[in-house]
Amino acid sequence: MASLNESLSLYLKQATAQIASGEYEKARKNLMESAKCALLLAKAAKGAEQKKYLDTYELLKKKIAEVDAKASATFVSPKKPEPKKDVNTVNTIQNANNAPSYTPSATGGASKKGYNGQKGAEGFTGSLSPRWLSDYIGQPQAVTAVKDLIEAARLKDSALPHIILYGSHGLGKSTFSKIIANEMGSNFIEMNVTNATPSEMIAILKQLKPRDILFIDEIHTLPLQVAEAILYSAMQDGRVVYTEGKGKLAKTETLELPPFTLIGATTEIGKLAKPFTHRAIQVRLEEYTDEVLARIISSSFYKLGYKISNDNALVISKRCRNNPRTANNMVRRISDKALVEHAKRNNLTDKSLFSSPEKIKKLDISISESVISTFFEENGIDANGLEVGDRELLKIVIERYNGGPVGLETLARAMNESPNVLSGKYEAYLVRRGMLKVERDGRVVMADGYRALGLPVPQKLLDEESESKKTSENEKPRSKYDKRTLIACLVPDEIKCQMVEDLIVYPENAVVDDTPLDELFPDVEKPYEAETKHLCELEIDFNGVKRLLICDSFLESRFATAMASTGYLKDMKAQTLEIPYISQMLANRRYFPDFVIRDYKGRIAVIEMKNFDAACYHLNIDKYERLVQFCNEKGYGYAEIMKAYDAEKYISIDMIAKMPRNEQLEKYIIDTIESKGEFTVADWDAYNAQYGKVEKTEIYTILLNNRRLRNIDKDGTAIKITSI
């Protein structure tokens, strides 16, 4: 402790003197060392003394930012280059049979080593990525979330909770994880799990030390066997029970784990099993705006030793596809081009002049508009950020398929690309830019796609744009409510719901409540008895309220999409309300209705989705009756919605209940039960043969109104009606 205090004091004295003399580079290095000492002292202290060192650490971070601002006064970019860190050689253990790689990086400790052995900013092999939250540009929500977690972990002297980072490719999930490790002073261990086995995962876990951070990229590719057998219990219980050896030599071992943090990164959170999402805090990384990317670009050029104006940085950012990884790749290539031109123009051949960012900075090279324009022209990147492949895709759809729709497989063959490359590399960006639309029948080029190619926009698309603009300006719901039929909602993409309101029953005392749904219905943990068959991730923007809905089935996700497309909803949450059952058979159990919505009038409603036949299973009817009771007490609307036998439409259980009851069929069912004990599919066939065919819906109308009858067929694959 004494030696650390002495080091802290010495570094601060040196930094103060260097700031006074304008030696900002050296001052920053000493301030960074001071911050490390303060953090180590805080970890070793307790109580008020620990808080004192943590406060010192925060003050030093602010001082570093001030020094950065002073140092960058002569540059457009606000950031100074990262000081060079000590780096130890790291060992990578790679199993010969495609085992996961184990790369420990000692980001903790006095030397703050890490980043998988990369060099710092003084070498050109180093990363342009930030290493501290104070250097991190963008993602304010994610930064705030992890900052609170880090501060709490420091105060408690504990490991961070497990974290899932999710978002599209290139948003910096790996970089963000390394920043967390640096802030915590923890070892950073990166693991590739695509082909991992349970024994290999055990080997990695055995290497963990207290507060280590285990990072797994693309965690949704982790084999289910490894997750279920090893990782779930490791995350929740801090121990793993496993079998070592085979046959007679096999024995059960228990591995007690130190407190550690798993950070999983994924581009497809919908593919993660519920046990993962229940055991970790989920943090989403958003797409970057052009303005935020321009700041990142300015900072990266500065780290490499170049100057760039804000306007020129913005020109580059608009062609980076909202992706910081793409932006930094462009920074490196454009800086190389500028360096080559500068060397030729000034006849510079001495290699030592260009060996580090510090030396390049002395050359006073500015990234000019002409260099940027030449780079984009040579690489075929236009003002919209479209590359050659993007334009080729749009052109093929327009010229060969009259603007679409055209299927993905057909389009892939036409472009001589794989469907995965097509959808991942080109299609995602074009859809995000509003140049391409994915419909049920295939891909369709939108008006902005024609404009991007300099082609005249078809009148049909101009009319659609005009109509959409009028609707937006008038701020009216896009749906029309019509009561011509029991069928309430049309399914196919781009076909809007016609009678959404008919699906939902609103009580007379229906409340209008503008309280955010997140406050009315906080997220709850949903236990599963088994893994769901279809797990769908759905991102919807409800007039500025962005939601990521995790649906248990495609039935739910398709209905949510249809509801959102009508303008009927202001907001929607998935599986965020728990209600206990009424039935004594299911006492002390609970269930989770699929959606809570706020409609265009501000009314709250709770929605349950069911497959058509399963809806009238007697315990499902019990569940729905409890839902109705709950909603009536609260003044909420309610509905249980099914896809009708016509595969294109939906209908609610209340609509079925209100249909005319077939009294003859009801008497036949009761008589059959009295004589045989049950009414089955065979009895229904016998009724159809005697009295003429009836729809199964008529049986369900009877079951919903006569609660002395109950259908004990759970899956809806058959009919088996008994009496109470």
Side-chain angles (χ1 to χ4, degrees), residues 482-492 497-505 553 555 558-559 581-586 607-629 638-724:
D482 187 350
K483 300 188 177 183
R484 292 170 298 178
T485 169
L486 287 175
I487 301 302
C489 182
L490 305 177
V491 175
C497 295
Q498 296 297 311
M499 294 151 279
V500 177
E501 212 152 24
D502 283 346
L503 286 167
I504 303 170
V505 178
S553 69
L555 173 67
R558 291 180 65 79
F559 181 74
Y581 287 97
I582 288 179
S583 171
Q584 291 298 316
M585 294 179 64
L586 296 170
I607 308 294
E608 176 76 1
M609 302 295 298
K610 277 285 180 291
N611 290 324
F612 193 85
D613 292 316
C616 289
Y617 171 52
H618 70 104
L619 291 181
N620 284 338
I621 296 175
D622 286 352
K623 287 168 57 177
Y624 184 59
E625 288 180 346
R626 176 67 183 105
L627 175 63
V628 172
Q629 179 187 0
Y638 54 86
E640 183 166 295
I641 298 169
M642 303 152 286
K643 187 184 291 186
Y645 284 122
D646 179 340
E648 300 301 324
K649 301 176 182 178
Y650 291 107
I651 190 170
S652 77
I653 200 169
D654 285 274
M655 293 175 176
I656 295 174
K658 291 176 183 177
M659 292 173 66
R661 286 165 70 176
N662 186 330
E663 295 179 1
Q664 178 179 272
L665 174 60
E666 185 173 2
K667 183 177 183 303
Y668 187 91
I669 292 172
I670 294 171
D671 291 344
T672 303
I673 293 171
E674 288 178 354
S675 63
K676 296 175 54 180
E678 63 182 16
F679 177 88
T680 65
V681 173
D683 300 309
W684 180 37
D685 291 339
Y687 177 88
N688 287 333
Q690 183 175 350
Y691 297 103
K693 184 171 178 59
V694 298
E695 294 294 335
K696 195 185 291 186
T697 309
E698 296 191 32
I699 296 178
Y700 294 157
T701 302
I702 294 168
L703 289 170
L704 290 166
N705 287 282
N706 188 340
R707 296 297 286 120
R708 294 190 62 80
L709 299 176
R710 61 181 187 173
N711 181 22
I712 62 174
D713 170 48
K714 182 176 181 179
D715 299 324
T717 55
I719 296 173
K720 194 171 185 179
I721 302 173
T722 63
S723 62
I724 297 175

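All values below were derived from every heavy atom in this structure, side-chain atoms included, with hydrogens, water molecules and symmetry-related copies excluded.
Taking CD1 of Ile653 as the reference point, atom CD1 of Ile621 lies at 6.0 Å (rounded to 0.5 Å). The line from CG of Leu627 to CD of Glu625 is 11.0 Å long, rounded to the nearest 0.5 Å. Distance check: Lys693 NZ to Asn688 CG gives 5.0 Å after rounding to the nearest 0.5 Å. Here the CD1-CD1 distance, from Ile702 to Ile721, works out to 7.5 Å after rounding to the nearest 0.5 Å. Leu709 CG to Ile669 CD1: the interatomic distance, rounded to the nearest 0.5 Å, is 6.5 Å. To the nearest 0.5 Å, atoms OG (Ser652) and OH (Tyr624) are separated by 6.5 Å.
In terms of heavy atoms, Ala639 sits closest to Leu503 at CB-O, 3.2 Å.
At least one side-chain heavy atom of Gln690 sits under 4.5 Å from a side-chain heavy atom of Tyr668. When side chains are defined from C-beta on, Thr672 does not count as touching Thr680, because their heavy atoms never get closer than 4.5 Å. Between Asp683 and Tyr687, every side-chain heavy-atom pair lies at or beyond the 4.5 Å cut-off. Within the 4.5 Å cutoff, side-chain heavy atoms of Thr697 are placed close to those of Met659. Between Glu666 and Asn706, the closest side-chain pair of non-hydrogen atoms falls below 4.5 Å. Using a 4.5 Å heavy-atom cutoff, the side chains of Leu703 and Arg710 are not in contact.
The pair Glu608-Lys610 counts as a salt bridge, with a side-chain nitrogen and a carboxylate oxygen less than 4.0 angstrom apart. Looking at Asp654 and Lys658, no side-chain N of the basic residue comes within less than 4.0 Å of a carboxylate O on the acidic one, giving no salt bridge.
Contacts of Glu698 classified as side chain to side chain contact (heavy atoms under 4.5 Å, CB included), with partners at least two apart in sequence or in another chain: Asn662, Leu665, Val694.
Not a single donor-acceptor pair under 3.5 Å links the side chain of Thr722 to the backbone N or O of Glu678.
Within 6.0 Å of CD in Glu663 there are 12 or fewer heavy atoms belonging to other residues, nucleotides or ligands.
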